[in-house]
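Below is one structure, written out as structure tokens; the observations come after it.
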2 protein chains.
Amino acid sequence: MTLEDVARVAGVSRATVSRVVNQQRRVAPAVRKSVMAAVEEIGYVPNRAARSLVTRKAGAVVVVVSGLAPEDDDGSHVARMFSDPFFGRVAGGVVRALRPLDVHPVLMLADTVRARSQVLAFLEHGSADGALLVSTHVDDPLPGQLVELGRPAVVFARPSGDLPISFVDAGNADGGRLAAKHLISRGRRNLGVVSVHGPLNMPALGDRVHGFRDGAAREGVAYVAASPGDLSVEGGDAAVQQLLADSPDLDGVFACNDLMAVGAIQALRRAGRRVPQDVSVVGFDDSSIAALSDPPLTTVRQPIEEMAGEMAHLLMQLVDEPERRVMSAVLDPTLVERDSA
Amino acid sequence: MTLEDVARVAGVSRATVSRVVNQQRRVAPAVRKSVMAAVEEIGYVPNRAARSLVTRKAGAVVVVVSGLAPEDDDGSHVARMFSDPFFGRVAGGVVRALRPLDVHPVLMLADTVRARSQVLAFLEHGSADGALLVSTHVDDPLPGQLVELGRPAVVFARPSGDLPISFVDAGNADGGRLAAKHLISRGRRNLGVVSVHGPLNMPALGDRVHGFRDGAAREGVAYVAASPGDLSVEGGDAAVQQLLADSPDLDGVFACNDLMAVGAIQALRRAGRRVPQDVSVVGFDDSSIAALSDPPLTTVRQPIEEMAGEMAHLLMQLVDEPERRVMSAVLDPTLVERDSA
DNA sequence: TATCATTCGGAGAGCGCTCTCCCACAGAGC
DNA sequence: GCTCTGTGGGAGAGCGCTCTCCGAATGATA
């Protein structure tokens with residue numbers, strides 16, 4: 001079923017049918033009507049390939065999950081990346097936002113040099129109009145390569161280093177402030193934060209800590225002890241042991257992610273502290289573990305689906321108006337109150 | 001950069017370049033070499049749209065996540081579907097399997113009548129060569145529509161009702177047998193199973209129960225008490241209360257999914273039973289909660305990534321040889337031993 | 001009525017590729 | 001030397017669509 005068929009049935013030319021289908025010029029109402037009837041009658045659907053061949057628009061964007069796989073990877077790296085619900089939430093948000101625009105998300109994985117250049121090639125020769133990038137690794141070279149390529153792209157979370165690339169992020173500092181306010185409103189004054197080891201090259205994590213400190217300061221709590229963890233349950237456990245050793249009167253803990261918050265609760269329990277009666281704990285991410293942990297975690301939630309949707313919107317703007325340089329959006333996190341604080 | 005350009009640089013015709021690129025006929029070594037050099041030199045990448053316009057192959061498949069959204073859905077349904085790590089694992093497996101074949105997965109969501117017909121249209125006019133379907137709902141009409149359409153399709157898990165459609169599944173009954181064997185090898189004899197309410201129209205769940213019973217019987221345990229749950233933590237909790245009321249000497253529980261296993265442990269604890277000292281509990285799915293629960297769950301794991309990869313392989317065979325009718329593959333589940341049994 | 005502007009449909013080129021023909025040429029067999 | 005076969009390259013049509021250009025018809029204006 002081609003344009004030609006519709007044209008024949010409607011008794012008009014191919015051009016006219018095309019105009020009706022794409023509604024890009026005035027067509028006499030009577031003609032338009034008979035074309036639409038013909039379209040309906042024979043069940044015509046435009047051929048994407050043919051269309052994109054001439055318009056040079058693919059009507060597709062690539063959703064890239066990027067992260068460096070270890071040399072000896074057996075696939076478990078990929079598995080881990082994808083089994084994080086975070087990924088699915090992003091995908092869901094993107095799919096929902098793109099659907100009404102009739103743009104299709106193509107899933108790609110950029111875990112090796114080869115894979116990365118495949119993504120780049122895919123974009124370069126127009127198989128996709130732009131890229132939505134979710135990086136799991138801080139030193140990911142892909143954002144830089146995307147900038148160099150010069151095709152529309154939006155990344156999830158502000159990239160480290162300065163790179164003229166569009167992004168969508170959550171207000172991490174605001175999230176930290178939210179946590180501080182909440183803890184203090186619960187009467188907690190001896191606060192500790194489980195931060196992250198080494199150079200805080202993941203900007204989000206640093207922002208959370210800074211926001212937390214800032215929030216505490218605004219409420220009159222000048223000092224917040226900090227101990228770094230490695231983002232795992234064990235890391236959170238160890239960090240809190242340290243915190244407890246330094247300040248035994250600790251009564252409020254903010255962990256930079258939920259896994260460490262769970263570890264924090266473990267350590268607290270072992271030290272004879274009850275959560276939340278003796279110590280309140282706030283996590284970050286509202287990951288799947290948050291609702292399931294004991295007690296369920298009070299945590300800061302990033303509006304991931306909304307962020308993903310916003311990424312899609314920004315990208316499509318970039319696609320439509322390439323003269324536009326870079327854009328960004330920062331969405332507000334919210335506090336999900338459960339039982340740990 | 002088109003074929004034409006390569007042809008000019010290499011001093012041959014377009015047809016020859018095409019032959020080299022697609023390696024579909026003998027080309028004199030010298031000519032082939034100069035063409036390859038030209039391709040390299042100008043960085044030629046074939047245009048997918050143009051190619052698929054003539055070959056009528058899209059080089060893409062659609063990965064459909066299907067499930068009925070409630071009438072008044074605000075998006076939370078989609079969010080829930082996608083945030084299940086299961087979905088990500090499938091996506092990861094598909095991406096990995098498809099990549100070497102240079103076929104791209106396009107993500108689609110079929111949660112409404114409209115969305116479903118979009119998927120169907122996408123397939124029908126060749127924007128995708130086939131469909132990989134993950135249904136979250138038993139009465140999903142999409143598999144049937146896919147069969148009717150007659151385009152290549154593979155679904156995850158054997159569909160309920162009989163439908164001539166290809167599928168990949170895990171040996172659910174084998175998984176149940178594995179659980180029974182394990183429990184009995186731990187000395188458990190008074191077994192209970194937390195099954196599912198109502199008509200077992202999700203074949204997988206029924207198979208698990210049957211497999212469990214069969215495994216128990218083969219080991220000499222003739223009777224297994226059963227109590228249905230609703231696949232949630234609460235459901236598991238309630239079901240075990242019932243089980244305990246009926247047979248207080250219960251010492252082994254098999255739950256059809258991990259959520260219910262967690263609920264089972266809750267109920268057992270409340271009744272003063274220790275897990276795994278007094279009662280052993282085995283779950284199913286190895287979901288993210290399994291490793292995190294207390295105690296960590298011994299559970300039956302479906303090889304989701306492998307199953308997804310197998311789906312991709314079957315689909316590509318179907319695409320290549322459309323005369324083939326339907327195919328299936330059933331992969332073996334494994335028991336992941338943790339602490340609950 | 002003649003001229004001009006405006007509206008709207010049609011003709012046709014061409015997007016980049018594949019693939020079917022066709023033809024040139026080399027070597028074999030007589 | 002001639003035909004016959006096989007090998008390998010070129011010409012060109014055409015996939016389904018968009019879009020520019022053109023021209024016909026209509027209505028407004030002088």
Side-chain angles (χ1 to χ4, degrees), chain A residues 1-39 42-60 102 104 121-129 319-320, chain B residues 1-39 42-60 102 121-129 320:
Chain A
M1 284 307 132
T2 73
L3 257 199
E4 194 77 53
D5 299 317
V6 180
R8 202 174 330 104
V9 171
V12 295
S13 77
R14 224 166 48 239
T16 302
V17 179
S18 175
R19 283 195 270 261
V20 171
V21 171
N22 300 297
Q23 32 198 338
Q24 42 86 279
R25 221 178 71 179
R26 254 190 80 61
V27 174
V31 177
R32 130 170 286 114
K33 211 166 159 193
S34 78
V35 169
M36 303 219 289
V39 165
I42 67 174
Y44 167 75
V45 185
N47 178 310
R48 281 187 104 75
R51 175 179 288 178
S52 86
L53 181 57
V54 23
T55 58
R56 343 223 88 217
K57 287 259 171 289
D102 200 34
H104 299 279
F122 196 76
L123 277 168
E124 188 172 12
H125 70 275
S127 291
D129 299 327
V319 168
D320 290 340
Chain B
M1 285 307 134
T2 74
L3 258 199
E4 193 78 52
D5 299 316
V6 179
R8 202 175 327 104
V9 172
V12 296
S13 76
R14 225 169 46 238
T16 303
V17 179
S18 174
R19 284 196 268 260
V20 171
V21 171
N22 300 299
Q23 33 199 336
Q24 42 88 280
R25 219 177 74 178
R26 257 189 78 61
V27 173
V31 177
R32 129 169 286 115
K33 215 169 157 186
S34 77
V35 168
M36 301 218 290
V39 165
I42 67 173
Y44 167 76
V45 185
N47 177 311
R48 279 186 107 76
R51 176 179 288 177
S52 85
L53 182 57
V54 25
T55 58
R56 345 223 85 219
K57 286 257 172 290
D102 200 34
F122 196 76
L123 278 167
E124 187 171 13
H125 69 274
S127 291
D129 300 327
D320 290 341

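Note that the CE atom of A/Met1 and the CG atom of A/Asn47 stand 13.5 Å from one another [nearest 0.5 Å]. Between the OG atom of A/Ser127 and the CZ atom of B/Arg51 there is a distance of 10.0 Å, given to the nearest 0.5 Å.
One atom, CZ of A/Arg8, and another, P of C/dG10, lie 14 Å apart when rounded to the nearest Å.
Residues satisfying the side chain to side chain donor-acceptor pair (under 3.5 Å) test with B/Ser52, not counting sequence neighbours, are none.
Ranked by how close their nearest DNA chain D nucleotide is to the 5' end, B/Val12 and B/Val54 are led by B/Val12. Comparing B/Thr16 and B/Leu53 along DNA chain C, the residue whose closest nucleotide (by nearest heavy atom) sits nearer the 5' end is B/Leu53.
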- [ ] Report the C-alpha separation of A/Glu124 and B/Val45 in whole Å, then their side-chain angles, then the decisive distance to 0.1 Å, and conclude whether the side chain to side chain contact (heavy atoms under 4.5 Å, CB included) test is met.
- [x] CA-CA 9 Å; A/Glu124 188 172 12; B/Val45 185; 5.7 Å; no
Start with the C-alpha gap between B/Thr2 and B/Val6, add the side-chain angles, then the distance that decides, and say whether side chain to side chain contact (heavy atoms under 4.5 Å, CB included) holds. CA-CA 7 Å; B/Thr2 74; B/Val6 179; over 6 Å; no
| request: Apply the test side chain to side chain contact (heavy atoms under 4.5 Å, CB included) to residues A/Lys57 and A/Val319: give CA-CA distance (whole Å), side-chain angles for both, the deciding distance (0.1 Å), then the verdict. | output: CA-CA 9 Å; A/Lys57 287 259 171 289; A/Val319 168; 4.0 Å; yes
| Pair B/Phe122-A/His104, ring-ring contact (aromatic ring centres under 6.0 Å, His included): steps then yes or no | CA-CA 10 Å; B/Phe122 196 76; A/His104 299 279; 4.4 Å; yes
B/Arg19 vs B/Arg26, side chain to side chain contact (heavy atoms under 4.5 Å, CB included): CA-CA, chis, key distance, verdict: CA-CA 8 Å; B/Arg19 284 196 268 260; B/Arg26 257 189 78 61; over 6 Å; no
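The outermost nucleotides of DNA chain D lying under 4.0 Å from heavy atoms of chain B, listed 5' to 3', are D/dG8 to D/dG16.
Using a 4.0 Å heavy-atom cutoff across all strands shown, A/Arg14 reaches at least one base atom of the nucleic acid. Using a 4.0 Å heavy-atom distance criterion, A/Ala15 is classed as a base contact.
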Given protein heavy atoms under 4.0 Å, the one-letter contact record of nucleotides 21-26 of chain C, with B base, S sugar-phosphate only and - none, is simply B-----
